[in-house]
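Bear in mind that the values here come from a model prediction, so they are computed numbers and not experimental data. Letters A, B, ... mirror the listed sequences (proteins, then strands); counts begin at 1.
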Amino acid sequence: MKYNPWATEKKWQKAWQDSGCLAVDKNSGKPPFYALIEFPYPSGSGLHIGHARPYTGMDVLARAKRMQGFEVMFPIGWDAFGLPAENYAIANSIHPRDVVAGNVRRFRDQIISLGYSFDLSREVNTTDPDYYKWTQWIFLKLFENGLAYKSNMPVNWCPGCRCVLANEEVINGECERCSSVAGRREKSQWMLKITAYAQRLLDDLDTVDFPARVAAQQKYWIGRSEGAEVEFAVENTDDALRVYTTRPDTLFGATYMVISPEHAYIEKWKTLLGNYEEIAAYRREAARKSDFERTEIQKEKTGVCLKGVMAVNPVNGESIPIFVSDYVLMSYGTGAIMAVPGHDTRDWAFARQFGLPIVEVVAGGDVQKEAFVDVETGTLVNSSFLNGLEVAEAKKTITEWLAERGLGRVKVNFKLRDWVFARQRYWGEPIPIVHCPACGMVPLPEAELPLRLPEVDSYKPSDTGESPLAALQEWVNAPCPKCGGAAKRETDTMPQWAGSSWYFLRYIDPENPNEIASREAIDKWMPVSWYNGGMEHTTLHLLYSRFWHKFLYDIGVATTPEPYKKRTSHGFILGSDGTKISKSRKNGVSPDEVIEKYGADTMRLAILFLGDFEKGCRWSDNAITGAHRFLERVWALANKCPEGSGATGSLEIAVHRTVKKVGQDIEGLKFNTAIAALMALLTELEKDCTREDMNIFTRLLSPFAPHICEDIWELYGCNGLAAQAEWPEYDIEKTVEHTVELAVQVMGKLRATIQMPRDASDDEVTAQALGNPKIIELAAGRVPARSIVVKNRLVNLIFK
RNA sequence: GCGAAAGUGGCGGAACUGGCAGACGCGCCAGACUAAGGAUCUGGUGACCUAAUACUGGUUGUGCGGGUUCAAGUCCCGCCUUUCGCACCA
């Protein structure tokens with residue numbers, strides 16, 4: 001009987017769903033295991049191998065955990081708000097809701113056809129009002145707690161389309177659609193104060209099981225630094241320029257200052273400045289550039305000196321000039337810096353450009369040739385009372401000195417910036433705030449949630465930079481919830497990150513109309529046992545969702561400070577030509593095509609056999625050939641293998657070893673070597689096999705290739721489904737051979753191998769090795785000076 | 001520039017806390033079965049040299065150059081290259 005996956009795959013997919021074996025049994029009493037994948041954005045092009053790799057990996061884990069006696073929750077949903085659906089809707093005059101519904105249907109079908117064991121009864125969709133009601137509810141709580149606020153922020157502006165652009169829509173400084181040069185504009189934006197949680201987001205990384213590279217990247221992104229704030233008085237004004245520095249010890253070397261083009265003092269000092277027009281022109285120039293351009297290009301330093309104002313270095317009273325330059329950003333620190341060209345590379349380049357003095361304050365380099373920045377252990381010079389001190393000591397001394405005089409203070413700074421939480425778009429969660437002329441910003445009462453997206457004819461952004469919602473008078477005009485007077489709704493919507501920042505909580509209790517999830521359910525399932533996702537989400541989604549969860553913990557909704565107990569990250573999968581998979585390059589593979597030609601089990605095995613799950617890899621059709629042949633051999637053997645009791649001798653050892661290895665490899669996400677071990681065992685079983693052995697083999701293979709295993713299970717007349725079978729156990733005693741082969745080395749080179757009983761003593765091993773004809777010949781009568789024995793592995797003989 | 005990861009046969013990739021490099025698969029070669037083989041099965045397959053009474057003969061080999069060690073793909077020092085992330089972060 002030839003292997004014919006098409007005949008039965010659909011049948012088993014239905015059987016898994018219908019049997020309820022994928023759904024959670026509340027009363028099972030088994031330990032809970034919550035396996036989570038990053039829920040997909042249901043794009044129009046359907047599910048591709050970039051999804052299939054992580055989903056297959058986690059499906060193997062979830063299936064194995066079920067067999068191992070855990071109550072597994074393995075849910076999926078749809079992160080369906082966002083720009084692509086909206087753009088597609090605009091281009092094709094379809095409602096984004098309908099676009100999404102069609103895409104979701106396609107994704108769901110594909111997910112089922114791949115044999116994934118998701119519990120579809122818990123499916124959530126971020127665009128469902130019953131779902132986004134709670135996204136809005138969380139926003140209201142953030143607002144109530146002072147963590148949501150409005151602030152002027154620069155946005156990308158396309159003068160051609162007359163609308164705000166996402167960073168993604170700006171390609172090389174041009175609008176993706178109309179190729180106009182995109183500029184910058186200030187806009188009042190909703191912000192979330194993630195910075196208030198910076199320290200906790202950093203500290204609690206120690207309490208979770210994240211891969212080192214993920215934790216390192218988050219730490220770097222949060223970017224904690226300890227330094228000092230220093231006040232520089234400005235001559236002829238009552239103002240002081242406040243700077244943040246991590247190197248207060250170099251204060252005596254500060255020979256000029258630089259402020260960001262957006263610094264408020266420029267306007268304040270307008271009348272004092274002899275060259276205001278020049279400065280304003282420079283500012284306009286800087287404003288045209290995106291942050292990206294401004295900070296990316298390794299360019300010559302540009303800037304303008306502020307004529308008419310001078311700052312005073314607080315430690316030595318010297319007057320120093322103030323410049324404006326775009327290399328100083330308003331978004332980090334205070335928007336102003338003290339420049340120490342002797343010991344900072346950027347300041348050095350700027351000083352050279354503008355002929356400014358460069359003073360050495362830490363001994364060791366030649367500051368006239370280049371900035372001397374590697375100074376963590378240097379000694380201070382040219383610094384009055386700091387002379388002779390080590391850098392660390394000098395930092396402390398100067399900070400205290402400044403603090404005593406009210407000129408400075410210790411300050412911890414973070415690179416992390418607050419989260420811009422508004423989009424001028426239709427297809428997002430409406431922000432439940434009303435702007436009242438009398439009462440200001442008023443939150444909607446909870447009872448009015450969800451605030452539904454209104455029906456509109458056009459989803460196009462308005463040409464004023466407002467969201468399309470702004471054009472809907474009947475929706476925009478609403479009574480103030482507080483005073484009842486005429487007021488207007490907020491028309492911006494939330495970013496796509498909103499719905500994905502808490503979805504793992506909704507899976508737990510997806511139908512609950514009264515709360516995000518019941519306390520009981522949260523207690524049982526949180527934190528997520530194992531969350532796997534892409535490295536590209538390490539700094540945004542992963543950090544945002546940790547932030548929201550910490551907030552929910554603070555207000556008593558969540559019961560743990562961290563949402564994820566364990567995080568793993570799969571490697572990025574590239575196309576067969578080694579580049580990113582894209583439709584235009586045609587280097588991708590559609591899982592649908594593979595399934596149609598070879599079946600879902602082949603697809604699953606092929607994608608996991610490619611290479612280390614946690615490392616990047618490139619797709620190759622060769623993987624399919626190997627996987628498919630393997631399954632054909634499995635099916636052939638299952639059919640011809642006779643009844644009988646289990647294997648004995650070395651075959652029994654091979655079986656026990658494989659049980660051990662496959663279990664360990666699944667836990668370590670080493671799916672490629674687990675499959676290799678199964679292939680190797682199959683080769684052994686083909687020589688000598690009974691149904692008893694094949695039964696064990698089938699259960700081991702079942703998480704990887706579940707359909708064929710159900711076929712075998714049925715063929716053998718076993719009870720229930722293979723998916724519900726118990727995971728085989730191994731006997732540690734039966735994983736070791738009684739006779740081992742040892743390598744015999746002479747002076748570190750392999751010369752022979754010998755057979756020895758397991759755990760033979762060093763002396764026995766040495767004696768046996770010396771008795772080997774090959775070794776006798778090499779020894780030529782000499783006696784080894786040393787013999788190094790590595791138990792059950794090798795012996796190395798050293799002759800003088 | 002900063003941070004992280006990685007360089008192993010023709011190819012994808014294995015290799016536990018230093019211990020027989022190349023598991024497993026693809027491809028290729030030879031053979032078997034065939035009317036036929038792009039099916040299947042069996043055996044072989046890093047490179048170079050040398051073998052024919054001794055295929056458990058020798059040398060060399062994990063990006064490059066040094067080092068530590070009885071022993072290095074693995075550890076240390078110095079380079080080179082690639083990928084990913086961040087980008088003038090004070």
When the P atoms of B:rA14 and B:rG7 are considered, how many whole Å apart are they? 9 Å

For B:rA21 and B:rG9, measure between their C1' atoms and round to the nearest Å. 11 Å

Paired with B:rC48: which nucleotide, if any, by Watson-Crick or G-U wobble criteria at under 3.5 Å for both distances? B:rG58

The Watson-Crick or G-U wobble partner of B:rC75, with both key distances under 3.5 Å, is B:rG67

Presence of A:Arg629 side-chain N/O under 4.0 Å of B:rG27 phosphate oxygens OP1/OP2: yes

Would you mind reading off the distance between A:Leu797 atom CG and B:rC20 atom C1', rounded to a whole angstrom? 14 Å

Under a 3.5 Å cutoff, is there a donor and acceptor pairing between the side chains of A:Gln745 and A:Arg751? no

Can you tell me the distance, in whole Å, between the CZ atom of A:Arg53 and the P atom of B:rG12? 14 Å

Closest to the side chain of A:Tyr220, out of B:rC86, B:rG19, B:rA90, is B:rC86

Ion pair check, A:Glu686 and A:Lys640, cut-off under 4.0 Å: no

Heavy atoms only, 4.0 Å cut-off, all strands: where does A:Lys415 land among base, sugar-phosphate and nothing? base

Considering only side-chain heavy atoms of A:Leu750, which listed nucleotide, B:rG19, B:rC20, B:rG12, is closest? B:rC20

Rounded to whole Å, how long is the line connecting atom CZ of A:Arg213 with atom C1' of B:rU83? 12 Å

Rounded to whole Å, the CG-P distance (A:Leu742 to B:rA71) equals 20 Å

C1' gap between B:rU8 and B:rG46, integer Å: 10 Å

May I ask you to verify if any side-chain N or O of A:Arg786 is less than 4.0 angstrom from the OP1 or OP2 atom of B:rC70? yes

The nucleotide from B:rG27, B:rC20, B:rG58 with an atom nearest the side chain of A:Lys774 is B:rG58

pair_partner(B:rC16), Watson-Crick or wobble, both distances < 3.5 Å, evaluates to none

Give one of base, sugar-phosphate or nothing for A:Arg224, where a contact means two heavy atoms less than 4.0 Å apart. nothing

Lys/Arg-Asp/Glu bridge criterion (N-O < 4.0 Å) met for A:Lys661, A:Glu667: no

Under 3.5 Å: donor-acceptor pair, side chain of A:Arg604, backbone of A:Phe704: yes

Would you say A:Lys749 places a side-chain N or O within less than 4.0 Å of OP1 or OP2 belonging to B:rG58? no

Counting only Watson-Crick or G-U wobble pairs whose two distances fall under 3.5 Å, which nucleotide matches B:rG31? B:rC41

Applying a 4.0 Å non-hydrogen cut-off, can you work out what A:Leu794 is touching in the nucleic acid: base, sugar-phosphate, or nothing? base

Can you check the A:Gln664 CD to B:rC16 P distance for me, whole Å? 13 Å

Please report the distance separating the C1' of B:rC84 from the corresponding atom of B:rG78, rounded so that it comes out in whole Å. 25 Å

Check whether A:Phe547 forms a cation-pi arrangement with A:Lys193 (NZ or CZ under 6.0 Å from the six-membered ring centre, at most 45° off the ring normal). no

Using the C1' atom on both, measure B:rG58 against B:rC41 and round to a whole Å. 35 Å

Answer with yes or no whether A:Asn622 presents, from its side chain, a donor or acceptor under 3.5 Å of a partner atom in the base of B:rC26. no

For B:rC28 versus B:rC11, give the span between their C1' atoms, rounded off to a whole number of Å. 11 Å

For B:rU17 versus B:rG37, give the span between their P atoms, rounded off to a whole number of Å. 49 Å

Using the six-membered ring wherever Trp is involved, compare the ring planes of A:Tyr265 and A:His263 and label them parallel, tilted or perpendicular (cut-offs 30° and 60°). tilted

Are any side-chain N or O atoms of A:Asp418 and backbone N or O atoms of A:Ile194, one a donor and one an acceptor, separated by less than 3.5 Å? yes

Rounded distance (Å) that lies between atom C1' of B:rC24 and atom CG of A:Leu605: 13 Å

State whether A:Asp612 and A:Lys670 are salt-bridged, where the test is any N-O pair (Lys NZ or Arg NE/NH1/NH2 against Asp/Glu carboxylate O) under 4.0 Å. yes

Within the 4.0 Å heavy-atom criterion, would you say A:Arg793 contacts the bases, only the backbone, or no part of the nucleic acid? base

Taking atom P of B:rG57 as reference, at what distance in whole Å does atom CG of A:Leu778 sit? 12 Å

Nearest 0.5 Å please: distance from the CG atom of A:Asp665 over to the CD1 atom of A:Ile675. 10.0 Å

N/O (side chain, A:Arg751) to phosphate O (OP1/OP2, B:rU56) under 4.0 Å: no

Of the nucleotides B:rG85, B:rA90, B:rC26, which one has an atom closest to the side chain of A:Thr246? B:rA90

Just to be sure I understand the geometry, which residues of residues 671-689 of chain A put a non-hydrogen atom under 4.0 Å away from RNA chain B? A:Asn672, A:Thr673, A:Ala676, A:Met679

Determine if the base of B:rG9 is syn or anti; take syn to mean the glycosidic torsion is within 90° of 0. syn

If you pin A:Arg633 and A:Phe609 to their nearest nucleotides in RNA chain B, which one's is more 5'? A:Phe609

Mate of B:rG22 where both pairing distances stay under 3.5 Å, Watson-Crick or G-U: none

Could you identify the nucleotide paired to B:rA5, looking across every strand shown and requiring Watson-Crick or G-U wobble geometry with both distances under 3.5 Å? B:rU82

Does A:Asp612 reach a base, just sugar-phosphate, or nothing at all? Heavy atoms under 4.0 Å. sugar-phosphate

Pairing check on B:rA90: which nucleotide meets the Watson-Crick or G-U wobble criteria with it, both distances under 3.5 Å? none

For a quick check of understanding: with a heavy-atom distance under 4.0 Å over all strands, which category does A:Glu536 fall into, base, sugar-phosphate or nothing? nothing

What integer number of Å spans the P atoms of B:rU45 and B:rU56? 11 Å

What I want to find out is whether A:Arg758 reaches A:Glu737 closely enough, with some N-O distance under 4.0 Å, to be called a salt bridge. no

d(CZ, A:Arg657; C1', B:rA23) in whole Å: 13 Å

Using heavy-atom distances to pick each residue's nearest nucleotide on RNA chain B, tell me which of A:Phe414 and A:Ile788 is more 5'. A:Ile788

Would you say the ring centers of A:Phe350 and A:Phe323 fall short of 6.0 Å from each other? yes

